[in-house]
Amino acid sequence: MTQPSPSSHYDTLTKHFQTISHFEHLSALGDWDQATMMPVGGSAARGAAMAELAKHIHELKTAPFLADTLQLAQDEMLTREQAANLKEMNYQFFQANVIPASLVKAKTELAYRCEHAWRDQRKNNDWQGFRPNLEALMALVKEEANIRSQAQGLSPYDALLNKFEPGMTTEHLESVFGHLKTWLPSLIQRVQHKQTGEHRFNIDSCSSQAQETLGREVMDFLGFDFTQGRLDVSSHPFCGGVPGDVRLTTRYDESDFTSALMGVIHETGHARYEQGLPINWRGQPAGHARSMAIHESQSLFCEMQLGRGSGFLSHLQPQIAKHLGSQLSTEQLTNIYTRVNPGLIRVDADEITYPCHVLLRFEAEKGLIDGSLSVADLPEFWAQQMSSLLGVNTQGNFKDGCMQDIHWAVGELGYFPSYTLGAMYAAQFRFAMETSLGSVDTLVAQGDIAQIFEWLEQKIWSQGSLLSTDELVKQATGETLNPDYFKRHLEQRYLK
């Protein structure tokens with residue numbers, strides 16, 4: 001990959017954005033520590049410090065000299081990669097410049113307070129305690145959305161989507177998700193009917209320590225570099241940090257190892273993407289992950305395309321027996337990990353019902369931003385949607401209903417669609433990969449996982465943000481997003 005050549009205005013920009021990257025590194029570690037190790041009493045001081053750091057990063061991204069320097073750099077002789085980096089600099093500058101620093105600080109500080117309170121409020125099913133916090137935070141989110149909307153000529157919700165999925169619109173999502181709704185409900189019913197009468201296997205209890213040992217071994221198999229990352233525990237699994245210092249977390253249930261194990265595999269997919277981003281572009285906008293949906297495609301590729309496949313589970317079964325003392329066979333593990341069972345919790349959902357959780361949140365977010373849905377009415381809306389989409393009851397169960405996710409508690413709206421878009425991209429990547437490598441499931445069963453990750457590194461990871469999402473996907477698969485591959489994958493796995 002071509003290194004940037006000397007260029008006065010462009011060089012000034014690269015140095016400045018490298019400085020921003022260093023502060024973002026520290027911010028990421030603060031977020032990780034807050035979620036994993038920070039004592040309860042540190043919340044107020046940490047929130048204030050993180051708000052101050054966010055304000056400083058925002059000021060760096062909106063420094064007065066940037067507007068002219070970005071414009072002048074457009075006229076310099078740049079390589080294709082440099083031009084792509086400059087484009088991403090302009091994108092970051094624009095995204096940051098429309099929001100006043102005072103709003104950035106206020107939202108960050110309130111989000112820290114809201115998220116910290118949410119931890120206990122969720123445990124205690126305390127909707128009345130959480131509601132005023134969420135209402136205050138949503139007021140700031142709507143203020144941000146309106147500012148971004150006016151600056152970009154987009155609807156307020158499109159402006160929030162654009163933070164995570166550049167170029168994505170509500171109209172496009174409604175088309176993609178509308179098509180999904182035409183076949184997904186019937187597929188869920190067909191698969192549930194097919195699985196009627198299947199034996200339900202008991203899962204032995206096992207310690208968190210044993211599960212962690214197994215998880216680390218699986219991460220090794222998946223190629224995670226522990227010299228540039230670590231695994232910890234948090235209330236909500238995530239992958240954070242920066243490419244050279246990746247932080248993963250999971251949560252353990254000693255009565256059921258299956259969720260934590262798949263959680264580790266999922267977050268390792270995120271981590272492999274981060275560790276595989278182009279080293280020559282670290283600290284530069286072009287070296288970042290392309291979008292949240294592409295990021296989710298990598299975690300879901302690991303979890304769904306690989307992890308829940310019989311080939312991967314046949315490779316994993318001896319390790320599960322060794323570390324956890326489980327007597328489950330490969331066939332039984334496959335049964336467990338492909339069981340379709342509509343439930344309350346998004347992060348524990350099977351891959352067929354999971355999109356329904358996203359559809360609900362997509363509709364809720366649109367309503368919260370355009371004012372057609374109030375925070376006060378959110379629990380009832382949630383109950384109606386869960387009953388309609390999945391036939392489950394959440395009346396009065398706030399902790400497993402509208403309080404279950406961390407995203408709204410930290411003021412992030414526009415992210416949820418990325419999960420299902422990511423599942424669609426993951427399926428499309430797998431089918432494209434198999435045209436040259438053959439069956440992915442067979443390769444994994446044989447322990448030959450290196451070819452799979454080499455394909456991903458060449459086609460996806462090493463590209464960073466040098467290409468747009470559509471360009472990246474088309475270059476890798478020959479076409480832009482095609483949701484039919486997702487349907488094909490589900491039918492292949494669940495109806496064969």
Side-chain angles (χ1 to χ4, degrees), residues 1-25 28 57 60-97 152 162-168 225 228 242-246 272-295 297-298 425 429 432-433 436 453-481:
M1 192 164 290
T2 308
Q3 284 276 24
S5 60
S7 174
S8 57
H9 297 297
Y10 178 80
D11 276 356
T12 298
L13 291 169
T14 60
K15 291 173 184 176
H16 186 74
F17 276 87
Q18 186 70 62
T19 298
I20 293 172
S21 177
H22 292 323
F23 283 107
E24 289 179 331
H25 186 169
I57 292 171
L60 287 173
K61 287 185 175 180
T62 58
F65 81 92
L66 283 175
D68 288 342
T69 308
L70 286 164
Q71 185 61 45
L72 289 168
Q74 299 280 1
D75 298 327
E76 295 176 337
M77 295 293 292
L78 302 177
T79 66
R80 180 184 66 84
E81 291 93 343
Q82 289 172 333
N85 193 33
L86 183 60
K87 180 180 179 182
E88 293 302 307
M89 290 175 178
N90 272 289
Y91 174 80
Q92 287 196 13
F93 173 72
F94 180 83
Q95 289 293 323
N97 206 53
Q152 299 176 75
N162 204 44
K163 290 172 58 180
F164 306 105
E165 294 301 315
M168 183 55 66
D225 181 358
Q228 298 189 56
V242 296
D245 186 6
V246 181
R272 286 303 317 269
Y273 185 21
E274 286 292 317
Q275 292 184 337
L277 289 169
I279 293 177
N280 291 346
W281 291 94
R282 280 188 182 175
Q284 295 300 310
H288 293 181
R290 176 58 274 172
S291 75
M292 289 299 100
I294 296 300
H295 227 310
S297 78
Q298 299 310 287
Y425 284 127
F429 292 149
M433 182 184 298
S436 58
F453 287 126
E454 285 171 6
W455 190 97
L456 290 172
E457 182 173 16
Q458 178 188 357
K459 304 287 188 180
I460 310 299
W461 304 345
S462 65
Q463 301 304 310
S465 285
L466 293 167
L467 302 171
S468 70
T469 301
D470 281 351
E471 289 170 341
L472 179 72
V473 176
K474 188 170 184 178
Q475 182 171 287
T477 70
E479 56 186 316
T480 56
L481 176 65

Please lay out, stage by stage, how Lys459 and Phe429 fare under the test side chain to side chain contact (heavy atoms under 4.5 Å, CB included). CA-CA 9 Å; Lys459 304 287 188 180; Phe429 292 149; over 6 Å; no
Run the numbers on Val473 and Leu481 for side chain to side chain contact (heavy atoms under 4.5 Å, CB included), then give the verdict. CA-CA 7 Å; Val473 176; Leu481 176 65; 5.5 Å; no
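Contacts of His295 classified as ring-ring contact (aromatic ring centres under 6.0 Å, His included), with partners at least two apart in sequence or in another chain: His270, Tyr273. Legend: residues meeting side-chain hydrogen bond (donor to acceptor under 3.5 Å, both in side chains) with Asp225, ordered by chain and number and at least two apart, are Thr227, Gln228. Shown here are the side-chain hydrogen bond (donor to acceptor under 3.5 Å, both in side chains) partners of Glu24, two or more places apart in sequence or in another chain: Lys61.
Note that OG1 of Thr19 and NE2 of His16 are 7.0 Å apart. Values are rounded to the nearest 0.5 Å. Taken from OH in Tyr10 to CG in Leu86, the straight-line distance is 7.0 Å, to the nearest 0.5 Å. Distance check: His9 NE2 to Leu70 CG gives 11.0 Å after rounding to the nearest 0.5 Å. To the nearest 0.5 Å, atoms CD (Glu88) and CH2 (Trp281) are separated by 11.0 Å. The distance from the OG atom of Ser291 to the CG atom of Asn162 is 11.0 Å, given to the nearest 0.5 Å. Here CE of Met292 is found 13.5 Å from CE of Met168. Values are rounded to the nearest 0.5 Å.
Counting only distance, with no hydrogens or angles, the side chain of Glu165 and the backbone of Ala293 share a donor-acceptor pair below 3.5 Å. Remark: side-chain polar atoms of Glu274 are not paired, donor with acceptor, to backbone N or O of Val246 under 3.5 angstrom. Between the side chain of Thr12 and the backbone N or O of Ser8, at least one donor-acceptor pair lies under 3.5 Å. Panel note: side chain Thr480, backbone Lys474; no donor-acceptor pair is recorded below 3.5 Å.
Using a 4.5 Å heavy-atom threshold, the side chains of Val242 and Asp245 count as touching. Looking at heavy atoms from C-beta onward, Thr477 lies out of side-chain contact with Tyr425 at the 4.5 angstrom threshold. The shortest distance between side-chain heavy atoms of Arg282 and Leu277 does not fall below 4.5 Å. Residues Pro285 and Tyr91 have side chains not in contact (no heavy-atom distance under 4.5 Å, counting atoms from C-beta outward). Residues Leu13 and Leu66 meet the side-chain proximity criterion, which asks for heavy atoms closer than 4.5 Å. Counting only heavy atoms from C-beta outward, the side chains of Gln475 and Gln463 approach each other to under 4.5 Å. In this structure, the side chains of Thr14 and Met89 come closer than 4.5 Å at one or more pairs of heavy atoms. Looking at heavy atoms from C-beta onward, Met77 lies out of side-chain contact with Gln82 at the 4.5 angstrom threshold.
Contact between Ala476 and Trp455 at its shortest, heavy atoms only, is O-CZ2, 3.6 Å. Taking all atoms of both residues into account, the shortest heavy-atom contact from Ala289 to Ser465 is O-OG, 3.1 Å. Glu81 approaches Leu466 most closely through the heavy-atom pair O-CD2, 3.8 Å. Of all heavy-atom pairs between Gly283 and Ser21, the closest is CA-OG, 3.4 Å. Taking both residues in full, the closest heavy atoms of Trp461 and Phe453 are given as CH2-CD2, 3.5 Å, listed atom of the first, atom of the second, then distance.
In this structure, Lys163 places its NZ atom where more than 12 heavy-atom neighbours from other residues, nucleotides or ligands lie under 6.0 Å away.
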